Amino acid sequence: MINTKIYKAVYELAEKLMKAAAKDDRATFEALYAELEAICTEHENTGKDHPEQWETLADFTEELEDALPIYQKALDKAVAKQSNDHIASIGFSMAALQVELGDNQAAIERLQQAQASAHTIEDNELKAEIDELLATLTTG
């Protein structure tokens with residue numbers, strides 16, 4: 001379970017980052033991203049470390065190649081916590097990114113792993129998204 005105080009800070013930063021991106025406010029976006037990154041690094045490898053904060057950081061990382069290692073860090077933390085919700089969510093995000101980067105084979109493998117974790121979660125929308133992207137990649 002993510003620390004409530006950290007969850008609230010990460011959630012509020014995510015909302016502000018979305019608003020800054022929508023307004024194309026570069027300076028504010030970069031300042032907020034740095035704040036989110038600081039939260040992640042401050043709590044890394046402590047009892048307050050959680051895959052959700054890393055997944056959020058990766059979500060807002062603009063360079064696709066830079067986002068993948070952050071997603072991988074989030075995934076590693078989710079696997080360590082045996083959090084199938086996060087494993088499925090992070091796996092789907094990574095796969096979508098790999099598709100954008102033209103690495104469909106890696107995306108298929110990531111989606112198969114996400115799909116295996118998704119069997120035990122309640123998020124039917126995420127399950128459907130994983131299944132749809134996997135079907136698109138394997139029947140094309």
Side-chain angles (χ1 to χ4, degrees):
M1 183 104 193
I2 189 169
N3 175 289
T4 305
K5 187 175 171 184
I6 294 171
Y7 176 81
K8 186 176 178 189
V10 169
Y11 182 81
E12 288 174 2
L13 282 169
E15 284 188 330
K16 291 176 183 177
L17 279 158
M18 286 189 289
K19 288 177 185 173
K23 292 180 185 175
D24 207 18
D25 183 349
R26 192 97 209 115
T28 300
F29 184 92
E30 288 176 6
L32 292 167
Y33 182 88
E35 213 176 310
L36 178 57
E37 190 172 34
I39 289 172
C40 291
T41 55
E42 176 185 345
H43 300 293
E44 187 170 13
N45 300 321
T46 72
K48 295 180 180 179
D49 199 0
H50 196 275
E52 196 161 325
Q53 63 197 24
W54 293 100
E55 181 180 12
T56 304
L57 182 65
D59 288 344
F60 288 102
T61 300
E62 295 180 290
E63 294 298 322
L64 303 182
E65 293 83 4
D66 295 340
L68 273 176
I70 300 171
Y71 277 126
Q72 185 61 55
K73 184 178 280 196
L75 184 61
D76 292 344
K77 293 175 186 299
V79 168
K81 290 185 178 288
Q82 299 178 349
S83 174
N84 285 335
D85 288 291
H86 290 102
I87 293 169
S89 172
I90 295 162
F92 176 75
S93 295
M94 287 180 80
L97 196 59
Q98 289 166 322
V99 169
E100 279 189 64
L101 291 169
D103 193 353
N104 287 359
Q105 188 55 46
I108 290 168
E109 291 169 16
R110 184 65 60 208
L111 285 167
Q112 289 169 335
Q113 293 165 354
Q115 193 178 49
S117 293
H119 285 298
T120 62
I121 68 172
E122 294 179 17
D123 188 341
N124 290 326
E125 189 176 319
L126 177 58
K127 288 179 188 180
E129 288 177 319
I130 291 168
D131 292 344
E132 286 172 31
L133 184 54
L134 187 56
T136 300
L137 293 174
T138 54
T139 58

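From a predicted model like this one, the values you see are computed outputs, not experimental measurements.
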* Carefully, step by step, assess Glu44 and Lys73 under the rule side chain to side chain contact (heavy atoms under 4.5 Å, CB included). => CA-CA 10 Å; Glu44 187 170 13; Lys73 184 178 280 196; 2.8 Å; yes

* Asked: For Asp76, what residues pass the side-chain contact (heavy atoms from CB on, under 4.5 Å) criterion, not counting sequence neighbours?
  -> Gln72

* To do: Assess whether atom CD of Glu125 is packed by more than 12 heavy atoms of other residues, nucleotides or ligands within 6.0 Å.
  => no

* **Donor-acceptor pair, side chain of Ser89 and main chain of Asp85, under 3.5 angstrom** => no

* Structure fact -> CG (Leu68) and CG (Asp103) are apart, to the nearest 0.5 Å, by 8.5 Å

* Scan for salt bridge (Lys or Arg N to Asp or Glu O under 4.0 Å) pairs involving residues 20-30, sequence neighbours excluded, and state none if there are none. => Arg26-Glu30, Arg26-Glu62

* To do: Locate the shortest heavy-atom distance separating Ala58 from Ala67; write the atom from each residue and the value.
  => O-CB, 3.7 Å

* Structure fact -> Leu137 and Ala107 have their tightest heavy-atom pair at CD1-CB, 3.9 Å

* **Minimal non-hydrogen separation, Ala78 against His86, with atom names** => CB-CB, 3.7 Å

* I would like to know whether His43 and His50 meet ring-ring contact (aromatic ring centres under 6.0 Å, His included); could you show each step before the answer? => CA-CA 8 Å; His43 300 293; His50 196 275; over 10 Å; no

Determine all donor-acceptor pairs shorter than 3.5 Å in which one atom belongs to a side chain in residues 31-41; sequence neighbours excluded.
residue: Tyr33; atom: OH; partner: Thr61; partner atom: OG1; Å: 2.7
residue: Thr41; atom: OG1; partner: Glu37; partner atom: O; Å: 3.1
residue: Thr41; atom: OG1; partner: Ala38; partner atom: O; Å: 3.2

* Atom CG of Leu13 and atom CG of Leu57: how far apart are they, to the nearest 0.5 Å? -> 10.5 Å

* Structure fact -> dist Gln115:CD -> Asp131:CG (nearest 0.5 Å) comes out at 5.0 Å

* Asked: Are Phe60 and Tyr7 connected in a single hydrophobic cluster, I mean Ile/Leu/Val/Met/Phe/Trp/Tyr linked by side-chain heavy atoms less than 4.5 Å apart?
  -> yes

* Checking side chain to side chain contact (heavy atoms under 4.5 Å, CB included) for the pair Gln113/Ile87: CA distance, chi angles, key distance, verdict? -> CA-CA 8 Å; Gln113 293 165 354; Ile87 293 169; 5.9 Å; no

* Structure fact -> Minimal heavy-atom distance between Phe92 and Glu129, with the atoms involved, is CE1-O, 3.5 Å

* Structure fact -> The reported gap from CG in Leu64 to CD in Gln98 (rounded to nearest 0.5 angstrom) is 11.0 Å

* Asked: What pair of heavy atoms forms the shortest contact from Glu55 to Tyr71, and how long is it?
  -> O-CE2, 3.9 Å

* Structure fact -> Smallest heavy-atom separation, Ala74 atom then Pro51 atom, equals O-CB, 3.3 Å

* Lys127 side-chain N/O to Ile121 backbone N/O, donor-acceptor pair under 3.5 Å -> yes

* To do: Take Asp49 and Lys77 through the test side chain to side chain contact (heavy atoms under 4.5 Å, CB included) and record every step on the way to the result.
  => CA-CA 8 Å; Asp49 199 0; Lys77 293 175 186 299; 2.6 Å; yes

* **Interatomic distance, Leu75 atom CG to Ile70 atom CD1 [nearest 0.5 angstrom]** => 13.5 Å

* Asked: Cluster question for you: counting only ILVMFWY and a side-chain heavy-atom cut-off of under 4.5 Å, with indirect links fine, are Ile90 and Leu126 together?
  -> no

* Going hydrophobic residue to hydrophobic residue with side-chain gaps under 4.5 angstrom, can you get from Tyr11 over to Trp54? -> yes

* Asked: Can you tell me how far OG1 of Thr28 sits from NZ of Lys19, rounded to the nearest 0.5 angstrom?
  -> 12.5 Å

